[in-house]
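A short worksheet on the structure shown next.
Just so it is clear, the model here is predicted, and its values are computed rather than measured.
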Amino acid sequence: PTLDMDISVVLGCSLGAALGGVILAFYKLGLLYQLFHKTERQSPRHGGESVADVLRAHGIKFVFTLVGGHISPILVACEKLGIRIVDTRHEATAVFAADAVARLSGTVGVAAVTAGPGLTNTVTAVKNAQMAESPLLLIGGAAATLLQGRGALQDIDQMSLFKPLCKFCASVRTVREIVPTVRKALAVAQSGTPGPVFIEFPIDTLYPYHVVEKEFAPKNTPKGLMGKIIAWYLRNHLSNLFAGAWETRDLSPLPVHIPHATEDEVQRCVELVSRAKKPVILLGSQATLPPTPADDVRKALEPLGIPCFLGGMSRGMLGKNSPLHIRQNRRDALKDADLVLLAGTVCDFRLSYGRVLNRRSKIIAVNRDRSQLLKNSDMFWKPTVAIQGDAGSFLLRLSKALKGHRCPEEWPRSLKEGDAIKEKANRSKADEKTERHLNPLSVLHRVDELLAEDSIIVADGGDFVGSAAYIMRPRGPLRWLDPGAFGTLGVGGGFALGAKLCRPESEVWIVYGDGSLGYSVAEFDTFTRHKTPVIALVGNDACWSQISREQVPMLGSNVACGLAFTDYHIVADGYGGKGYLIGREDESQLDDIIKKAQKECREGKAVLLNVLIGKTNFREGSISV
């Protein structure tokens, strides 16, 4: 009896395992799903239409791309639904443009590129978006589902490339997965700490059934058992690929989850701020994120009367000449402050890893990302209160709870007086004659004085742009775009393109170094074709000056730092724009040339000002590594 029982148990287990294996095989092959969902073999529809439907339902107005056959159905479908397709001359530019749209519009920026090298060309731009915390959807083509790993054209392991860079990565395996996958990706991009997401679309999930069928159909009638099995497998794979593809699905946006400070955390901060005599607020890019409009943040800060230092996307938050905006002597102010509020600001290299903070100061840190919130707090600084939450909404709640309270007037007044002294000294440097060509500080002051009130400034460069950050004053919130913590060169063309599309009425300026211009000067072709006129101000000193300044005195060589006084204005002309060469002999006419460039830009022409500049010691000691 015992032997019989053992045999029965073994047989039962074997049958159960076999049955489980059959069910699993049925599931993997899609046979179970196909029992309840039909494949519409005659339908002319394709997966690109599903992508476009979801994007339109989420309010996406632009898709940036460099065209490729893998993604053509998406581009065609988007255009038919009224989503504007903007094609660029490099895939990185497409992602940078999507990044700018995300920052300025409060929606997700979208870029679509082809498989393989199309995607690898975007890696730097996607990493930049990750570090800048920009919600961005990267759509990538891919080899057909059955051909991946078999040597198909441009087939590489794309998922491994993007998993370290993106909050969410998915590879669509059937047409029915498209809608839920895109909806989820768009929600994830905006939730928590915003960032890029990536979806890979194998080419057979995007084209119509009849097109894909031709690729699956065997050239000759299969012979033998193995041939018949392979033919059946291919037919089933095709059927499963399109099963249930065109059933009605919910396209609406999924909820976006944003962390917020608790009532107890806000109350504790109210008590700290109300007792402070010398408080300072450091605003970072996170303070501009949705759902709180940047203008509401400004209105919340003004009645508090607390002096503010602005960084990243928060530049311009307080307008051009706010008495609360302190632009100079930040290190000294932080040493004297008895309370510092880090509103989306991170203690990384930009704050000397926290070493500039006074250990006796009360420090309130607010950040959506816990790792950024506490960065280097184990070494150089300690938060009194650390809040993992949204900086913008926190400032609104703090201001409301402090209604009637205002920072002692003498504190911001003393900092503003220090500002005036430092800026007067900086201005005197602008009046000095350089050994050759124009003084770059003088050029930047002249441009700043003539900027239109609705201008958006895009910063793309090293030394010249570093000087511009001290001199040029954004006129309002969301009117300054720089790469962020990654320090990426090459953002200029894409950022300006996205900015002009979001704000067509605004005057968009790109402040370029002559080195960084080389990355995206070809986008003057894009500005011309897509009627997105911008003005590029190029500080041309024929050198990678930010590197040379340290390399030469430290290592005794200028190797690889030298460039030429290239005729970039002629390049702009060749791409359909208008270029001007400006040298010392044009100094008296500089204002007139700038005004002429502004007029031509309003009339639809992209303009490049190739300004030959000399050397100054204005930024001696600035970091390049």
Task: side chain to side chain contact (heavy atoms under 4.5 Å, CB included) assessment of Y470 paired with Q328 - done: CA-CA 8 Å; Y470 280 95; Q328 312 289 343; 3.6 Å; yes

Open item on the list: Working note: F64 + L497, criterion side chain to side chain contact (heavy atoms under 4.5 Å, CB included); need CA distance, chi angles, decisive distance, verdict.
Closed with: CA-CA 10 Å; F64 298 94; L497 178 63; 4.1 Å; yes

Open item on the list: Between L451 and I457, does the side chain to side chain contact (heavy atoms under 4.5 Å, CB included) criterion hold? Intermediate values first, please.
Closed with: CA-CA 10 Å; L451 278 180; I457 303 167; 3.8 Å; yes

TODO: List the steps, then state whether salt bridge (charged side-chain N to carboxylate O under 4.0 Å, His left out) holds for D419 with R330.
DONE: CA-CA 10 Å; D419 248 23; R330 185 177 69 176; over 6 Å; no

TODO: With side chain to side chain contact (heavy atoms under 4.5 Å, CB included) as the test, would you mind laying out the steps for C308 and M317 before giving the verdict?
DONE: CA-CA 10 Å; C308 299; M317 175 78 77; over 6 Å; no

TODO: Go through the steps to decide whether Q286 and N367 satisfy the test side chain to side chain donor-acceptor pair (under 3.5 Å), and finish with yes or no.
DONE: CA-CA 7 Å; Q286 276 195 15; N367 200 293; 2.8 Å; yes

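A search for ring pair (Phe, Tyr, Trp, His ring centres under 6.0 Å) contacts involving H445 returns nothing, not counting sequence neighbours.
Side-chain contact between D336 and W411: present, with at least one pair of heavy atoms (C-beta onward) separated by less than 4.5 Å. Counting heavy atoms from C-beta on, the side chains of V297 and T288 never come closer than 4.5 Å. The side-chain heavy atoms of F198 and L161, taken from C-beta on, include no pair separated by under 4.5 Å. Taking 4.5 Å as the limit, every side-chain heavy atom of T193 sits out of range of all side-chain heavy atoms of Q372. Annotation: side chain of E432 is not in contact with side chain of S442 (no heavy-atom distance under 4.5 Å). Taking 4.5 Å as the limit, every side-chain heavy atom of L341 sits out of range of all side-chain heavy atoms of V273. At least one side-chain heavy atom of T616 sits under 4.5 Å from a side-chain heavy atom of T434. Residues V465 and S516 are not in side-chain contact: their nearest non-hydrogen atoms beyond the backbone lie 4.5 Å or more apart.
A donor-acceptor contact shorter than 3.5 Å is absent between the side chain of R360 and the backbone of D338. Judged by distance alone, with hydrogens and angles left aside, the side-chain atoms of S361 form no donor-acceptor pair with the main-chain N or O of I363 at under 3.5 Å. Of the possible donor and acceptor atoms, none in the side chain of R315 sits under 3.5 Å from a partner among the backbone N and O of R479. The backbone N or O of E265 lies less than 3.5 Å from a partner atom in the side chain of T262, making a donor-acceptor pair. Formation of a donor-acceptor pair under 3.5 Å by the Q130 side chain with backbone atoms of V126 is not found in this model. Looking at S322, its side chain never comes within 3.5 Å of a backbone N or O of G319 through a donor-acceptor pair. The backbone N or O of D514 sits nowhere less than 3.5 Å from a side-chain atom of N540 that would complete a donor-acceptor pair. With hydrogens and angles ignored, the 3.5 Å screen pairs no side-chain donor or acceptor of N358 with any backbone N or O of L334. The backbone N or O of A459 lies less than 3.5 Å from no partner atom in the side chain of D482, so there is not a single donor-acceptor pair. Side chain of T345 to backbone of G284: a donor-acceptor contact under 3.5 angstrom is found.
Taking the charged nitrogens against the carboxylate oxygens, E302 and R298 do have a contact shorter than 4.0 Å, which makes a salt bridge. A salt bridge links D99 with R103; the closest basic N to acidic carboxylate O contact falls under 4.0 Å. Salt bridge annotation for E587-K433: present, with a cationic side-chain nitrogen under 4.0 angstrom from a carboxylate oxygen. One finds no salt bridge joining D454 and R475 here, because no Lys/Arg side-chain nitrogen approaches an Asp/Glu carboxylate oxygen to under 4.0 Å.
A distance of 9.5 Å separates CG of L441 from CZ of R427, quoted to the nearest 0.5 Å. Here the CG atom belonging to L444 is positioned 11.5 Å from the CZ atom belonging to R446, to the nearest 0.5 angstrom.
Between the side chains of K595 and Q598, not a single donor N or O lies within less than 3.5 Å of an accepting N or O. Side-chain N/O atoms of K429 and N617 include a donor and acceptor closer than 3.5 Å.
For K61, the NZ atom counts as loosely surrounded, since its 6.0 Å shell holds 12 or fewer non-hydrogen atoms of other residues, nucleotides or ligands.
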